[in-house]
Amino acid sequence: MLNHSARELWETALGSLQLEVNRHNYDTWLKNTTGLTLSDTCLTVGVPSDFVAECLDKRLAPVILKTLRGITREDLQVRYQVHQARTQGAPLASPRQGAQPALERVSASGHARARSRQPARGAQLNPAYTFDTFVVGKSNRFAHAAAMAVAEMPGKAYNPLFIHSGVGLGKTHLLHAIGHAATERGMQCLYVSAEQFTNDFVTALRENHAEEFRDRYRSTDILLIDDIQFIAGKEHSKESFFHTFNDLHAANKQIVITSDSRPKSIPLVEERLTSRFEGGLIADIQFPELETRQAILEAKAAQLGMQLGRDVAMFLAQKILRNVRELEGILNRLLAMSKIVGRPVDMELAQQAISEIPSAPPRRNTFTPASIVAVVAAYYRISPEVLAGASRTKEIAHARQVAAYLIREETSYSLSNVGKLLGNRGHTTALRAHEKIASELDKDSTLRHEIGEIRGQLQPRSAAVN
Ligand code: ADP
Ligand code: MG
C-alpha cells in the first residue's frame, strides 16, 4: 500500500475506469483528475470543480471504490479536492487526449484564425491522430485508403466520404488524420462533432450570429463532421446542416462525415441526403482481426515507450475483443501496474491486468474453432453438422468458407485442422477457402458486413462499456 504514490495509484485506477465507464462519462468526469495524496486509509483526488467532485462522489463512487479495492486489496476512502489540473505532462495522456474536440478552424500554420465574437474554444485536432499512427489492417484498409485519397485530393476523390463503424474503431482518428494531412497542404479544415455543430447553430440563432455561423461553415475547404447520428431528431440543426452540406458540395468543397451506423439507418440522412451520399463513398471499419489487434498493441506500446513482448501482445490481442479503445485501456493499465509493482511488463502481469479488470463480463478465453463454427452456422441458419458436412450447395459452401476464414483469423488452429473440422477436408481446401474470403473482403461490402456481424456475435458484450 505504502509503495503506491497517489498519482500512480489513481492512474492505474483510471486505466481500469476507462474500461468500466462509457467514454462520455470518462471524458466528462474522470479525464482531468489526478491523484494528490495518499494515506493509509484515504486517497485524495484532485478534480477541476466542485460539480465534478459531487458527481464522482454520487454517481461513480461504487465503481471507483471497487476499482481501487481491486488494485490495493484494501478499502480506501476517496476524497475529492478542487485542484487546478495539469495542462501537460500527464504520463499516460495519449489515449485520453481524445477529448471531445470542440469547433476549431485550423489554418495552414496551425494557428486558430481570429474569429470575431466567436468565443475561443479549446481543443483542436488531436496531434496523436495522424495517418502515421493509424495501423492499417483488413478491417480498416478500405476506409483508410478512402481517407488518404480525400486528404490528397479534397473535393475530387470522393465527395462526401462517409465513414461508419461501431464505437472505438478509429473513425475520429481517421477524421483527424485527414484534417492534419490537408492542413499541412495549406487547406482550411473545420473539424466539428455533430453535437458541437448543433450547439453552435443554436447559439448563433440565440445571439443573432446566424450570418457568422454561415460564413464560418461555408468558407472552409474541408468540413469534417464527427458522429453525425447526434444530429438526428434536431430538426433545425438538420436543416442547417443540409444547407451547409449543399453549399459546400456545390462549391466542390470536401465533406467527410462519420457515424455509428450506415447512412440509410440514420433518420437525418433520409431521402434528401441519401441521394447526395450516393455520389460519394461509404466506407466502413470493422472490428480488427487478431493480427491487426496485435499490430495496434505493438504500435501503441511503442508510442508509450513500453516494452511489450510478442507473446504478451498476442495474449492481450486474443483477450481484448471489443474495440481499439479497449486495447489502449489495457496497455495503460499494464504500464501503470508495472510501475507500481516495479516489474517489467510480462505475461504474468498481463494475466493479472486482464483478470483484475473489476466486474468485467465473463470473458471467453479465446474463440474456440467449435464456437466459431456454431456462430457461423447460426448466422446462416444451418446446423453445425450441415456446415461441416458434405453438401456443396452455394450457400453452405459460402458459410463453410466464412467459418474457415474466421477460424484461421481468430485462432491458432493449423490449416489441416481447419480442414478436418470442416468435414474432413484437406488443408488446401481450408487454404483456398480462407484466401477466397480474404480477397473478396476487399471488394465486397456485403461480405464485409456479414463478417462484421458474425464477429460481433463472437464478441462478449457488456452494457457497461461504451
Ligand atoms: P471512434 O471514433 O470510431 O469511436 P476513435 O477514432 O476514437 O474511434 O478510436 C478509439 C481509439 O483507438 C483512439 O485512441 C484511436 O487512436 C485508436 N485507434 C482506432 N483504430 C486504430 C488503428 N487502426 N490504429 C491505431 N489506433 C487506432
Ligand atoms: Mg469518434
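We count residues from 1, following the sequence as given. Atoms within a ligand are numbered from 1 in the order they appear, just like the ligands themselves.
- Less than 4.0 angstrom separates some heavy atom of N140 from each of these atoms of ligand 1: 23 (N).
- Residues S193 and D226 have side chains that never bring a donor and an acceptor to within less than 3.5 angstrom of each other.
- The 12-atom threshold is not exceeded at CZ of R214, counting heavy atoms of other residues, nucleotides or ligands nearer than 6.0 Å.
- Of the inter-residue distances, the one linking D227 atom CG with K171 atom NZ reads 6.0 Å to the nearest 0.5 angstrom.
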Inset, instruction - Kindly indicate, with the supporting measurements, whether the criterion side-chain hydrogen bond (donor to acceptor under 3.5 Å, both in side chains) is fulfilled by D284 and S165. - result: CA-CA 6 Å; D284 59 347; S165 79; over 6 Å; no

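- For the residues E326, H173, H176, the heavy atom positioned nearest atom 16 (O) of ligand 1 is part of H173.
- For ligand 1 and V135, the ligand atoms under 4.0 Å from any heavy atom of the residue are 22 (C), 23 (N), 24 (N), 25 (C).
- Taking each of F131, Y129, F134 in turn, the one with a heavy atom nearest to atom 21 (C) of ligand 1 proves to be F134.
- Looking only at atom types and distance, the side chain of E184 has no donor-acceptor partner in the side chain of H180 under 3.5 Å away.
- Residue E291 places its CD atom among 12 or fewer non-hydrogen atoms of other residues, nucleotides or ligands, all under 6.0 Å distant.
- Looking at T292 and E289, their side chains do bring a donor and an acceptor atom within 3.5 Å of each other.
- Proximity of T133 to ligand 1, defined as any heavy-atom pair under 4.0 Å, is confined to the backbone N, CA, C and O atoms.
- Distances from ligand 1 to the non-hydrogen atoms of H144 include no value under 4.0 Å.
- When G168, A299, G166, S165 are checked for heavy-atom proximity to atom 1 (P) of ligand 1, G168 turns out nearest.
- The Mg ion (ligand 2) lies under 2.8 Å from an N, O or S atom belonging to T172.
- Between L169 and ligand 1, at least one N/O pair is under 3.5 Å apart.
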